[in-house]
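Keep in mind the model is a prediction, meaning the values are calculated, not measured. Below, all heavy atoms of this structure are taken into account, side chains as well, without hydrogens, waters or symmetry copies.
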Amino acid sequence: MIAKVIVDVPVSSVNRTFDYLVPDDLTDSVKPGMRVAVPFGPRKLQGFVIELTEEASVQKLKKIIELLDPVPVLTGELLTLGQWVSEKTLCFLITAYQAMIPAALKATYQKEFRLVDGIGLEDLPDEAGEWFKYRENIPLEDLMKVSPTPLALFQKLVQKNFLEVIYRMSDKITKKRIKVVQRRGTEEERVKAIESLSTQAVKQKEILSFLHGYDRPVVLKDLLEMFDTTRSTVQALARKGLIEILEKEIYRDPYEDREFKRTKPLPLTLQQEQSIQPVLAALEEKRHETFLLHGVTGSGKTEIYLQSIDRAIRMGQEAIVLVPEISLTPQMVNRFKGRFGSRVAVLHSALSAGEKYDEWRKIQRKEVSVVVGARSAVFAPFENLGLIIIDEEHESSYKQEENPRYHARDVAVQRGEHHRCPVILGSATPSLESYARAQKGVYTLCELSDRVNKRDLPSVSVVDMREELRAGNRSMFSRELFEKINERLERGEQSVLFLNRRGYSSFILCRDCGYVGECPHCDISLTYHKKQHLLKCHYCGHQEPMPSRCPMCESQYIRFFGTGTQKVEEELTRLMPHARVIRMDVDTTGRKGSHEKLLNQFGEGKADILLGTQMIAKGLDFPKVTLVGVLAADTMLHLPDFRASEKTFQLLTQVSGRAGRHELSGEVVVQSYTVGHYSIDLAADHDYHSFYETEMRIRREHKYPPYYYLSLLSFSHTELLKAVDASEKSASYLRQKVSPGTIILGPVVSPIARIKDRYRYQVMIKYKNEPRLSELISELLQHFQHEMDVNGLQISVDMNAQNIM
DNA sequence: AGCACGCCGACT
DNA sequence: GTCGGCGTGCTC
């Protein structure tokens, strides 16, 4: 039997299957989709079995070394889907497959040196012999740690056949095990055993009697606690052969010690009913259809998700729910765990690799029917999918910004077609792409225009901060916002203050000469971190001490500018000393669980004001929040991104939705320096449709998505000229080959011209119909293959560019 | 990627 | 004559 295997080497020259002989003892167990260890050249690598055949394409074959999985990690569907992903995104097959399984299953490789059989320490020069005194194998890694490294000597000894090289492969799996105790023998034997115990062995007798009447394994730790004894008692029993101590694999359950209040389906409003019906119909008929569920904040989208999933489960099917990483909050998880209990697996980045692996295995073993997770959960290995839901479908985090550069929305639809099941895209502010598709009839549009509790959407007032400045208010709070926060303080209600930090981090500036602290490796200004009193680069990690004098002109008047949450917090405490503030940003939520803790504190009313960045924009639902303040609505508008308006609109709508979700009605104050911009004004009016119309007009005019597709080629090189040259050649090559309607822009220097000492240029391709584009780009990559392999040229391809940075 | 092989200049 | 630098080509 021959296995076609994709090996774990992401380079174009081996982006194909290699044939291996399946040893006789594995022919029954090997299946497509399993991971195997195979010899590859002198090395030992991990690979995926793609196909089993009888015919080999070459004469001399090597054998599979071992199987790494008892059951396939990739289903037949996922194997095909991987191919699709690699074609659509132009990535290597292995990269697509690796993205589908938990990182814990990725192999790590180690190279070690060992004495050849029959060679003794005395045969080696002392310098090498030293190493083998206490160990048989010396990892290459260890040799590299000492300087000067004895690597050359070791290599020489390998050539002389004194040492040999071993390639070790292991995966990062960390299955967690616990010890369990189980009874042994027949009933009679056990009765006899109990009697045979010495009268002094009181505890042993107790334990044995207990186990006698218990036919399942007992967790050792529990047993010890139950009988208030120690390990030695149990071990004594095991030594006598009366019981067995076994190791059992267990799951780490990140939610184990938490109780979930079980919820029942809520009665649906008329609008909800109208939206859910077509979904249920598609479900029942096992028919693929993509629904765009456009519902204002608070319109009860989640209840529609829950009841649709419930139907799928009742039909014996499974469901995937994607949520943006940032809103995968405990509140969100609770809603799903509350309805479906232990049938839910949760996959998000806050889990450790081991925890993620355990959650994933619950899916693989069909122990759950629902997975709630971020982007990569779209690859959950369900085989009987009944429903895929993408909540907040407009979120940019559904697009992976590294290889494979896939969009979870596209993958979801692809899987929906395969399983002939509905896909729901839900949002209060659908992406223009999706809404346009719904308008064209590609997706089915379901609109929820009313809030479930019939509350009006909060009233939004937009404040012109330039006016404030003219009126002599130099603080970052307008008079209106300040006043309203104070009202809330007096009434015992809560406020949420939102600071959009992007493009607004604190940089340092010399007031005398205008010097701005910049990263020496990237063309980007350094960010001041108050806690450590350091300047850091957010792109390459470079850091340097904060200077006390300007490095250029030695002036003392060097200060940091811009507004971070820390600065806002300082000003808040200065202006309102009695207000209790909780600040949430990357600095305060770094540790696992701290995010949840802070939110709980706020929910319990332990603070008056919640101040934070993006992470508080979504999913928060606290009854006492009646005021939302947006400190600077327009910071994002000035970024070099054609989606800036769309993102601003979405963010403002999202944030406004945090206010007045319950009995108390809410108010929103939006501060801005770009007053009169349609994205801000229309968000204040809660007018998605006008925004859609306005923005679509602009997109059409400038030939941007959704009217055109957008692909981006990025070229980077440590030498400026090499980057320019490759990008120019590529642009002119494409211009020659593409169809007349297609637009090739550039090459232009990237918005961040240099990162990690590499100069960056880009070429943008806008097209309506260009079936040969993938092919053309593949040709380009092939042409530059050599320069990429040996001369340090990097070309990255994004077939569906979301951001052009 | 990582490795062997092979060619060429530099040095014991 | 041997060592080690890097360009080339292959991995079932």
Side-chain angles (χ1 to χ4, degrees), chain A residues 1-24 26-27 30 32 34-68 79 86 90-99 103 106-114 125 127-128 139-141 143-144 147-172 402-404 718 722 781-796:
Chain A
M1 192 193 265
I2 310 296
K4 297 200 174 292
V5 174
I6 297 282
V7 293
D8 187 13
V9 180
V11 297
S12 62
S13 49
V14 298
N15 187 32
R16 60 187 174 92
T17 58
F18 284 81
D19 292 354
Y20 287 89
L21 210 58
V22 179
D24 287 341
L26 297 181
T27 47
V30 68
M34 282 183 179
R35 293 171 309 139
V36 287
V38 291
F40 196 65
R43 294 183 290 164
K44 176 182 170 184
L45 295 180
Q46 191 184 83
F48 290 92
V49 177
I50 300 305
E51 201 188 331
L52 294 167
T53 60
E54 291 302 329
E55 260 160 64
S57 49
V58 285
Q59 285 296 305
K60 54 175 182 109
L61 291 180
K62 290 185 183 174
K63 275 195 229 164
I64 288 178
I65 300 171
E66 59 173 328
L67 295 184
L68 300 174
L79 284 172
S86 86
L90 284 184
C91 74
F92 304 122
L93 273 162
I94 189 67
T95 314
Y97 289 136
Q98 297 283 23
K106 201 174 150 47
T108 55
Y109 301 100
Q110 256 195 324
K111 192 177 154 180
E112 295 178 351
F113 292 92
R114 186 170 73 177
E127 210 190 320
L140 174 68
E141 228 183 311
L143 295 185
M144 305 305 280
S147 80
T149 169
L151 180 59
L153 173 63
F154 274 62
Q155 281 169 335
K156 208 170 293 168
L157 291 168
V158 170
Q159 233 152 49
K160 285 196 198 158
N161 233 340
F162 284 17
L163 296 180
E164 59 184 339
V165 179
I166 303 187
Y167 295 91
R168 194 185 286 280
M169 189 188 100
S170 43
D171 46 27
K172 293 176 188 153
E402 60 200 52
N403 288 336
T718 47
K722 294 252 172 77
L781 292 178
Q782 209 164 346
H783 178 260
F784 285 110
Q785 183 74 52
H786 185 72
E787 258 192 275
M788 291 168 72
D789 285 349
V790 290
N791 289 324
L793 172 69
Q794 276 175 25
I795 305 179
S796 87

Note to self: Taking any heavy-atom pair under 4.0 Å as a contact, classify Lys4(A): base, sugar-phosphate, or nothing.
What the structure shows: nothing
Item checked: Within-4.5 Å side-chain heavy-atom neighbours: Tyr20(A) and Pro39(A) -> yes
Check: For Asp8(A) and dC12(C), what is the distance between atoms CG and C1' respectively, to the nearest whole Å?
Finding: 16 Å
Notebook entry, point to check: Expressed in angstrom and rounded to an integer, what is the separation of Met788(A) atom CE from dT8(C) atom C1'?
Noted result: 18 Å
Next item on the list: Mind calculating the distance between CG (Asp19(A)) and C1' (dC12(C)) to the nearest angstrom?
Entry: 6 Å
Note to self: Looking only at the side chain of Ser13(A) (C-beta and beyond, no hydrogens), which of the listed nucleotides dT11(C), dC3(B), dC12(C) gets closest?
What the structure shows: dT11(C)
Next item on the list: Ignoring backbone atoms, establish whether Lys60(A) has a side-chain N or O less than 4.0 Å from OP1 or OP2 of dC12(C).
Entry: no
Check: Does CD belonging to Glu164(A) count more than 12 external heavy atoms closer than 6.0 Å?
Finding: yes
Margin query: Expressed as a whole number of angstroms, how long is the span from Phe154(A):CZ to dC3(B):C1'?
Written below: 19 Å
Notebook entry, point to check: Do Gln785(A) and Ser12(A) have side-chain N/O donor and acceptor atoms under 3.5 Å apart?
Noted result: yes
Notebook entry, point to check: Planes under 30° and centres closer than 5.5 Å, is that true for Phe40(A) with the base of dT11(C)?
Noted result: yes
Note to self: Tell me whether the side-chain N/O atoms of Lys111(A) come closer than 4.0 Å to OP1 or OP2 in dC3(B).
What the structure shows: yes
Check: Given side chains that start at C-beta, do those of Asp8(A) and Lys106(A) come closer than 4.5 Å, heavy atoms only?
Finding: yes
Margin query: Quick check for you: among dG4(C), dG2(B), dC12(C), whose closest atom lies nearest to any side-chain atom of Lys156(A)?
Written below: dG4(C)
Note to self: Between P on dC10(C) and CG on Leu45(A), what's the gap in Å once rounded to a whole number?
What the structure shows: 18 Å
Check: Across the strands shown, which category fits Pro39(A) at heavy-atom distances under 4.0 angstrom: base, sugar-phosphate, nothing?
Finding: sugar-phosphate
Check: For the side chain of His786(A), counting heavy atoms from C-beta on, which of dC12(C), dT8(C), dG4(C) is nearest?
Finding: dT8(C)
Next item on the list: Figure out the CZ/P separation between Arg16(A) and dC12(C), and round it to whole Å.
Entry: 10 Å
Item checked: Any Tyr167(A) side-chain N or O less than 4.0 Å from OP1/OP2 of dC3(B) -> yes
Notebook entry, point to check: In whole Å, what is the span from the CD atom of Glu787(A) to the C1' atom of dG7(C)?
Noted result: 15 Å
Checklist line | Length of the line joining Lys44(A):NZ and dC3(B):P, which is rounded to integer Å | finding: 15 Å
Note to self: For Val49(A), run the side chain to side chain contact (heavy atoms under 4.5 Å, CB included) check against Val36(A), Leu67(A), Thr17(A), Leu79(A) and tell me which one passes.
What the structure shows: Val36(A)
